[in-house]
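Step one of this worksheet: look at the structure below.
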Amino acid sequence: MPFLARTPVDQTTGPYPRRWWALTVLCLSLLIVVMANTSLIVAAPDMTDDLGLSGRDLQWVIDAYTVPYAALMLVLGSIGDKYSRRGALVTGLVIFAGGSVLGSLVGETALVIASRAVMGVGAAVVMPATLSLLVAIFPRQERARAITVWTATSGLAIAVGPLVAGWLLEDHAWGSTFLINVPVAVAAVIGALALVPPSRAEGMGRIDLVGGLLSIVSVGCLVYAAIEGPHFGWGPGPVTAAVVAGAGLPAFVAWELRHPHPMLQVRMFRRRPFSGAMLAVLFFFFGTFGAIYYATQFLQFVLGYDPLETGVRLLPLAGAVFLGAAVTGRLTPRLGMKPMVTAGMVIGTAGVLLLTRVDADSGYTDFLAPMLLLGFAIGLSVSPATDTIMGSFPEAELGVGGGANDTSMELGGSLGIAILGSLLGTAYEDKLTALSGGRLPAAALETARESVGGGLAVAEQLARKPSAGPRQAQALTDAVHEAFAHSVARTSLIGGLVMAAGTLLVLLVLPRRGSAGRHRQQEPAPSARDAENGDARNGGVRNGDAAR
């Protein structure tokens, strides 16, 4: 067998023989894309000290990755479908590695933000390519198991990112957390060329450029407004972005409904399995990403764990993801998708609501059970939801399917971190003002109210002042801890209620297992593009499997 995989998937006889090795490459690519966000959480304090980041600067160092990532996936998935899915994967990895090198070398805030944006563009190419290649390579009877492995990898990255970053920060500067992506990306590029076969859609036609532009503008503006408005006030920028998103999304739907070859078949949202799975991914990542975001801050700032200790304490979450993935791999074929997805959402909701018990005296054990539940829920529900979403697309649109799934995932996570993070900050400010107002100079109180890190920095300054001393510094530290614990509990209640409402909605939308066949009979006839590319109502399985 040659070193380079040159035979396209649709020209192989039978299942691709090296498909499980190819899955390793796809999972390795996915790993660094997800780790790019989770590792930054523990590197943020060092970056803040070294670069003198304000709260706004730090927020955009994190979210400069998110905006292009969420906005571009649908379009770049479609481009990968038309020209080359493997080529898209390799191109995305190269862009991602280039942004990582830039981020490791620069020492200015604007350039760090720019490097994160470049990495976000690379991630937007990689993510849909991993899913579309997975579905193209694996026959239907093995696809659910492969997607389960893919899902477990994303859960693993949530815990491994902080662990690796913490290990690097023991002896290296924060730039090392960027640079670690480069050798992994190089290995993934070599593995892609050697193990992942070429794949692209046949007879796809011209790309819907107007629909693509509308999706980029609408999703990008929505994510920008969700990040900027709640955190820093609804000034002209976020208000304009919100208005553009509000007008752009209906315009995108109207254009796609009338276009003969739309980028996204929006009529698919009439299919209850597809729309229910998309809602499940959106609501699930809204709650879980938000909870993991502020729970990690509590471990660092309140409990005082360093980056490596924080990463170690997130490992049980990864173990729980693998356990949930093993369970769903066995039970989903027997029980169907709906029970597994809704059960996972219920468990995830319970995990978030358990964080309402957090107070100033809470220790690591108070976070262990919520983390285990969240990890188990990720493994249990995300895989069958993703399998359902990808199974709704014909072979010619697998990249679009991957983009739709990943956009829902990233949009939910972005909104969760932005909205719940804003509620967290507001609750923290109010509680700290009530505890320390009148006992601190106005400037010191204002700095302490910005973030829990800012509050602890003010306490350190007070400890060095003869006029204040250790007693006042300790009093402020205790107040910061109590205020942040209060904000975690309050925010978890709201996040849990949102997830509970989402669970009920998903439960109502998803059809019973026995009604799936009846539902397919009620679906509209496939478009001309669907007819060209196989049976769209059967998720492209007939065409894709025949090619294999």
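Heavy atoms only: backbone and side chains are in, while hydrogens, waters and symmetry mates are out. Since this is a predicted model, take the numbers as computed values, not measurements. The chain is numbered in sequence order, starting from 1.
- Aromatic pair Tyr294/Tyr428: ring centres not closer than 6.0 Å.
- In summary, the side chains of Trp60 and Glu228 do present a donor paired with an acceptor at a separation below 3.5 Å, with no hydrogens or angles considered.
- Sorted by first then second residue, the ring-ring contact (aromatic ring centres under 6.0 Å, His included) pairs that include residues 320-379, not counting sequence neighbours, are Phe298-Phe367.
- Every residue was checked against the side-chain hydrogen bond (donor to acceptor under 3.5 Å, both in side chains) condition with Thr177, not counting sequence neighbours, and none meets it.
- A donor-acceptor distance shorter than 3.5 angstrom exists from the side chain of Ser218 to the backbone of Gly248, with no hydrogens or angles considered.
- Taking Phe283 as the reference, nothing meets the ring pair (Phe, Tyr, Trp, His ring centres under 6.0 Å) condition, with sequence neighbours excluded.
- Using modelled atom types, no side-chain atom of Thr386 and backbone atom of Ser383 make a donor-acceptor pair closer than 3.5 Å.
- Between the side chains of Ser487 and Thr491, no donor N or O sits under 3.5 Å from an acceptor N or O.
- The only option from Leu462, Leu456, Val458 that meets the side-chain contact (heavy atoms from CB on, under 4.5 Å) definition with Thr477 turns out to be Leu456.
- Side-chain contact check for Thr433 and Arg449: at least one donor-acceptor pair (N or O, by modelled atom type) lies under 3.5 Å.
- For Asn405 (side chain) and Gly402 (main-chain N/O), no donor-acceptor pair under 3.5 Å exists by modelled atom type.
- Distance alone, capped at 3.5 Å, is enough to place a donor-acceptor pair between the Glu309 side chain and the Asp306 backbone.
- Here the straight-line distance linking atom CE of Met127 with atom CD of Glu410 works out to 7.5 Å at 0.5 Å rounding.
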